[in-house]
Amino acid sequence: MKYSSHIFQKWILKMQIRSQLNRLIQRACERANILVDRVQVNEASKVAFGDYQFNGAMALAKSLKKKPRDIAQSIVDAIEDNDILEYVEIAGPGFINLHLSNNWLSTNIKNIVQDRRLGIVAKENPSKVVVDYSGPNMAKQMHVGHLRSTIIGDSLANLFTFLGDDVIRQNHIGDWGTQFGMLIAYLEELGEGGEGSLKDLEEFYKRAKQRFDEDENFANKSREYVVKLQGGDVRCLHLWENFIDKSLSHCEDVYSKLNIKLSREDVKAESSYNDDLANIVNDLEAKGLLKESQGAKVVFIEAEENPLIIQKSDGGFLYATTDLAAIRFRASKLGANRISYVVDARQAEHFKQIFSVAKMAGYVSEDVKLEHVSFGMMLDKSGRPFKTRDGGTVKLIDLLEEAVERAKGAISKRDSYEQEELEKVAEIIGIGAVKYSDLSINRESNYIFDWDKMLSLEGNTSLYQQYAYARIRSIFRKYNGKLEGDVILEEPQERLLALKLLQLEDTLYSSAKEAMPHYITSYLYELSTLFMKFYETCPILREDTPENIRQSRLILAQITANTLRLALDILGIKVLERI
RNA sequence: GCACCCGUGGCUCAGCUGGAUAGAGCAUCUGAUUGCGGUUCAGAAGGUCAUAGGUUCGAAUCCUAUCGGGUGUACCA
């Protein structure tokens, strides 16, 4: 989907509700001579308290030596004229409750009905953001261990892109290491006809390993091939490239099925940094950061128990070395202002060290934001690490096929589908369920993978959103007249829905800022439940609905559908016209 | 041993960086509805936010200790 804005800048009433309110209160504080470092307006905790609230007056009481209610009063008195607030009230010990103007809400809603970007303006000063995610190992088939990084990373990359950042996706694939000697030796042994056996990489790896363990000659050959590979032997390099190519195309099957936007252009393999590793060592040496410890070359970091090992005692490099080369490349060659590593939480210490050393060595300047977007483990329903019945790793492609099969089972009893349509619908629902359930929890916590829960129509699931979308589309199959007239917010359900629709922008920005996709899913769930309530109480196409009310409700429904589609698209989830 | 993360109703999770009576969804119970797609909607019940102290006008949120769970702890990635 392309997101070009169809409305002219001047027509846009600047939204970003929270920052508008923050500015309003900030200026009021200044006018009232109240010093406050950062004004933070929050969404009201209850409907009765208005739409937003500012709670800062209480905190200021002590330093100003005034009563909090008096402080609140002077802030309220100093709020300048504006068209966003209907009225303001002071409650309890000094809460300032802000009620938005219906007129402001309805004007803004009306303005975004034709806009593919729903009135959300891209950042004025975009950053260059590198998102490092997925990073599968080429020696093996992609397994569930790669699922979360791939899903979370891709959605963040989409989100940053939508908000206007210049995003560079980096798939840091593992294509180097001693096991490749064994793999290409085995590939060679099977001959050209043996390439078919690469279909199942897992099996291929196992057999190669078996040969390695059983046959001394084969093992020696494998070791020899590692050396040859590193030495740039043309024949070995050819075998290796061939192997990587096949393995990568397996990954692409997964990406394509998962609706992940990684392509070959985003691949920046570990091996591509090989030539730079010695430079990193020399550079750290020259900067006086490198120390010798127990035969290895390391960098000591303040307040860290263990140093970061840069070069092994046998002269070999480690992944820390590669990561430093990569971080330098990203900051200097790619010019990144923000580098996000979507990697599981177990590597927290590693990244902490890498980031420290990168800054110590000046590979990234102080203002570059380095973040480890960490996430918890994937567990099964009983809370144990997710494995196959016999304890093996679950291949990702198998898991995705199961998702589609299960989705088929969930919907086929509902309606009769043509076989072809059933496949298409099941794929969208099944894959959507896998992605949404992953994205809908706080990524930091462990993730319990539960088929029944994710494929349910009830609760915070993708299917519930997809259903809400399809339901709205069904209204517009019945009605295909024009959308015109004003938005009228008389019923509470209409107003609540309108406000929620206008909060998408704030949600997206805070989700991007903290790299927390679950802010978006929470928003979506609130939105679709609000829509369902609206739909229940506010008839649209019924005969007795006056035309002006009908138009207003159609506009609300239309924007709800657009919002669902847009936000789900950012999460990499597709919608269906009918389910 | 040390470091980091996590303990919120039976289950799965929110809780916007300290605010008002801690919110949802499953599951359980009750009700609406011949419906613009009821696979919906309304309502009830269910919590000493692991425990004990502390800071504060105010704590699930910050500090300390304890208990319980997880992860990581120099030449694998």
Side-chain angles (χ1 to χ4, degrees), chain A residues 18 40-46 48-49 53 55-56 58-59 61-62 68 91-95 97 135 137 139 174 176-179 270 293-298 303-314 316-320 322-323 344-350 352-353 374 376-377 379 381 383 410-411 413-415 437 440-442 444-448 450 452-453 456-461 463-464 467-468 470-479 506-507 510 514 516 518-519 521-522 525-526 529 532-533 535-543 545 550 553-554 557 578-579:
Chain A
R18 270 175 78 162
Q40 175 77 29
V41 166
N42 292 326
E43 282 174 34
S45 54
K46 280 183 199 308
F49 302 151
Q53 58 182 218
N55 305 328
M58 276 97 70
K62 189 164 245 182
F95 296 101
N97 293 339
N137 184 344
W176 202 249
T178 49
Q179 72 265 56
E270 269 179 40
S293 172
Q294 296 173 32
K297 290 183 174 171
V298 307
E304 288 273 337
E305 190 187 346
N306 292 322
L308 182 68
I309 302 180
I310 306 297
Q311 190 170 22
K312 296 196 283 185
S313 44
D314 69 1
F317 303 110
L318 294 113
Y319 76 135
T322 313
D323 277 344
D344 76 274
R346 284 177 298 193
Q347 300 201 35
E349 261 109 277
H350 170 70
K352 204 175 152 202
Q353 291 192 316
S374 77
M377 291 187 298
L379 307 174
K381 220 172 166 175
I411 57 170
K413 55 180 176 242
R414 172 182 164 74
D415 251 321
S437 67
S440 65
I441 60 155
N442 186 331
E444 304 264 15
S445 43
N446 287 340
Y447 164 46
I448 293 181
D450 181 345
D452 295 327
K453 199 184 153 201
S456 168
L457 189 92
E458 268 117 52
N460 187 9
T461 65
L463 190 47
Y464 186 77
Y467 177 70
R471 220 172 172 186
I472 298 172
R473 296 305 304 148
S474 136
I475 298 172
F476 286 97
R477 274 194 295 276
K478 287 210 163 87
Y479 176 88
D506 282 333
T507 304
S510 50
E514 296 175 45
M516 285 292 196
H518 83 282
Y519 291 179
T521 56
S522 296
Y525 185 57
E526 286 161 17
T529 52
M532 292 298 187
K533 288 170 192 179
Y535 188 75
E536 201 72 23
T537 46
C538 301
I540 301 172
L541 296 182
R542 276 223 307 251
E543 298 265 328
T545 305
R550 170 176 304 151
R553 289 177 182 170
L554 281 166
R578 59 180 96 213
I579 292 176

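Quick caveat, the model's predicted, so the values are computed rather than measured. Quick note on labels: first sequence line is chain A, next is B, and so on, each numbered from 1.
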Checking Gln294(A) against Ser313(A): is there a side-chain donor and acceptor pair closer than 3.5 Å?
no
Stems of at least 3 consecutive Watson-Crick or G-U wobble pairs (donor-acceptor distances under 3.5 Å) involving RNA chain B, listed by first number, are B:1-5 with B:69-73, B:10-13 with B:23-26, B:28-32 with B:40-44, B:50-54 with B:62-66
* Asked: If you measure only the distance, is there a donor-acceptor pair under 3.5 Å linking the side chains of Tyr447(A) and Ser437(A)?
  -> yes
Review point. So does Glu304(A) pair up with Lys352(A), basic N to acidic O under 4.0 Å?
Key: yes
**Asked** What does Glu526(A) touch in the nucleic acid at a heavy-atom separation under 4.0 angstrom: a base, only the sugar-phosphate, or nothing?
**Response** nothing
The answer to which of Lys352(A) and Ser456(A) contacts RNA chain B further toward the 5' end, by nearest nucleotide, is Lys352(A)
Rounding to an integer number of angstrom, what distance separates A50(B) and A44(B) when you compare their C1' atoms? 29 Å
Exercise for the section: Indicate, with a heavy-atom threshold strictly under 4.0 Å, whether Ser293(A) touches base, sugar-phosphate, or nothing. Expected result: base
Interatomic distance at P, A20(B) relative to C26(B), whole Å
26 Å
Leu463(A) atom CG is separated from U40(B) atom C1', nearest whole Å, by 14 Å
For His350(A), report the nucleic acid contact type (base, sugar-phosphate, nothing); a contact means any heavy atom under 4.0 Å. nothing
RNA chain B nearest-nucleotide lookup for Glu514(A) and Glu305(A): closer to the 5′ end is Glu305(A)
Base, sugar-phosphate or nothing for Glu536(A)? Non-hydrogen atoms, less than 4.0 Å. base
Q. For the side chain of Asn97(A) and the base of A20(B), is some donor closer than 3.5 Å to an acceptor across the two?
A. yes
Review point. Does Ser445(A) place a side-chain N or O at less than 4.0 Å from the phosphate oxygens OP1/OP2 of A14(B)?
Key: yes
| field | Sugar-phosphate, base or nothing in reach of Glu444(A), heavy atoms under 4.0 Å | value | nothing
Write down the distance separating the C1' atoms in C41(B) and C36(B), rounded off to the nearest Å. 15 Å
- Rounded to whole angstrom, note down the P distance from G18(B) over to A60(B). 13 Å
Separation between CG (Asp323(A)) and CG (Leu318(A)), nearest 0.5 Å, reads 10.5 Å
- Using atom P of each nucleotide, how far apart are C4(B) and A65(B) to the nearest Å? 11 Å
Could you check whether Ala61(A) gets within reach of a base, just the sugar-phosphate, or nothing at all, counting any heavy atom under 4.0 Å? nothing
Original post:
NA contact type, Ala59(A), heavy-atom cut-off 4.0 Å: base, sugar-phosphate, or nothing?
Top reply: base
Considering only heavy side-chain atoms of Ile309(A), the closest of A74(B), A20(B), G15(B) is A74(B)
Regarding the side chain of Gln53(A), the nearest nucleotide among A20(B), G15(B), G70(B) is A20(B)
**Report entry** Side-chain H-bond candidate by donor/acceptor type, Tyr519(A) with Glu514(A), under 3.5 Å
**Finding:** yes
Its glycosidic angle compared against 90° from 0, U12(B) adopts the form anti
Exercise. Decide ring-ring contact (aromatic ring centres under 6.0 Å, His included) for Tyr464(A) and Tyr525(A); before the verdict, give the C-alpha distance in whole Å, the side-chain angles of both, and the deciding distance to 0.1 Å.
Key: CA-CA 8 Å; Tyr464(A) 186 77; Tyr525(A) 185 57; 5.6 Å; yes
Over all strands shown, is Asn442(A) touching base, sugar-phosphate only, or nothing at heavy-atom distances under 4.0 angstrom?
sugar-phosphate
The nucleotide from A74(B), C41(B), A27(B) with an atom nearest the side chain of Pro307(A) is A74(B)
Closest of U12(B), U21(B), C36(B) to the Lys453(A) side chain is U12(B)
message = Evaluate Met532(A) against Glu536(A) for side-chain contact (heavy atoms from CB on, under 4.5 Å), listing each step before the verdict.
response = CA-CA 6 Å; Met532(A) 292 298 187; Glu536(A) 201 72 23; over 6 Å; no
*Whether Phe95(A) stacks on the six-membered ring of A20(B) base, 5.5 Å and 30° limits*: yes
Within the stacking criterion (centroid distance below 5.5 Å, interplanar angle below 30°), does Tyr535(A) stack on C36(B)? yes
What one should report as the nearest heavy-atom pair of Ala320(A) and Ile309(A) is CB-O, 3.6 Å
Closest of C41(B), A77(B), A14(B) to the Glu270(A) side chain is A77(B)
Nearest heavy-atom approach of Pro68(A) to Pro93(A) is CB-O, 3.4 Å
Among the nucleotides G72(B), A74(B), C41(B), whichever has the atom closest to the side chain of Met532(A) is C41(B)
Which of C13(B), U71(B), G70(B) is nearest the side chain of Asn446(A)? It is G70(B)
By the 4.0 Å heavy-atom rule, please label Ile441(A) as base, sugar-phosphate, or nothing.
sugar-phosphate
- Can you tell me, in whole Å, how much space there is between the C1' of C11(B) and that of U28(B)? 12 Å
(request) Give Arg471(A) one of three labels, base, sugar-phosphate or nothing, depending on what nucleic acid heavy atoms sit under 4.0 Å from its own. (result) base
Discussion item. What contact category does Tyr525(A) fall into here, base, sugar-phosphate, or nothing, at under 4.0 angstrom with non-hydrogen atoms?
Written reply: sugar-phosphate
Using a cut-off of 4.0 Å on non-hydrogen atoms, how would the nucleic acid contact of Asn42(A) be classed: base, sugar-phosphate, or nothing?
-> sugar-phosphate
*Which part of the nucleic acid does Met58(A) contact within heavy-atom distance under 4.0 Å: base, sugar-phosphate only, or nothing?*
base
From the candidates A14(B), C26(B), A42(B), the one with an atom nearest any side-chain atom of Lys533(A) is A42(B)
Point to revise | C1' atoms of G9(B) and U66(B), separation to the nearest Å | key: 25 Å
Leu541(A) and Lys478(A) have their tightest heavy-atom pair at CD1-CB, 3.8 Å
Among the nucleotides C36(B), U40(B), U71(B), whichever has the atom closest to the side chain of Met377(A) is U71(B)
### Query
Touch check for Leu318(A), heavy atoms < 4.0 angstrom, all strands: base, sugar-phosphate only, or nothing?
sugar-phosphate
Is it the case that the side chain of Gln353(A) and the backbone of Asn306(A) share a donor-acceptor pair, with hydrogens and angles ignored and the cut-off at 3.5 Å?
yes
### Query
Does Lys46(A) place a side-chain N or O at less than 4.0 Å from the phosphate oxygens OP1/OP2 of U21(B)?
no
Given the P atoms of G7(B) and U51(B), what is the spacing between them in whole Å?
13 Å
With the side chain defined as heavy atoms from C-beta on, Leu457(A) is closest, among U17(B), U40(B), A14(B), to U40(B)
Whole-Å distance, Gln311(A) CD to C76(B) P, equals 13 Å
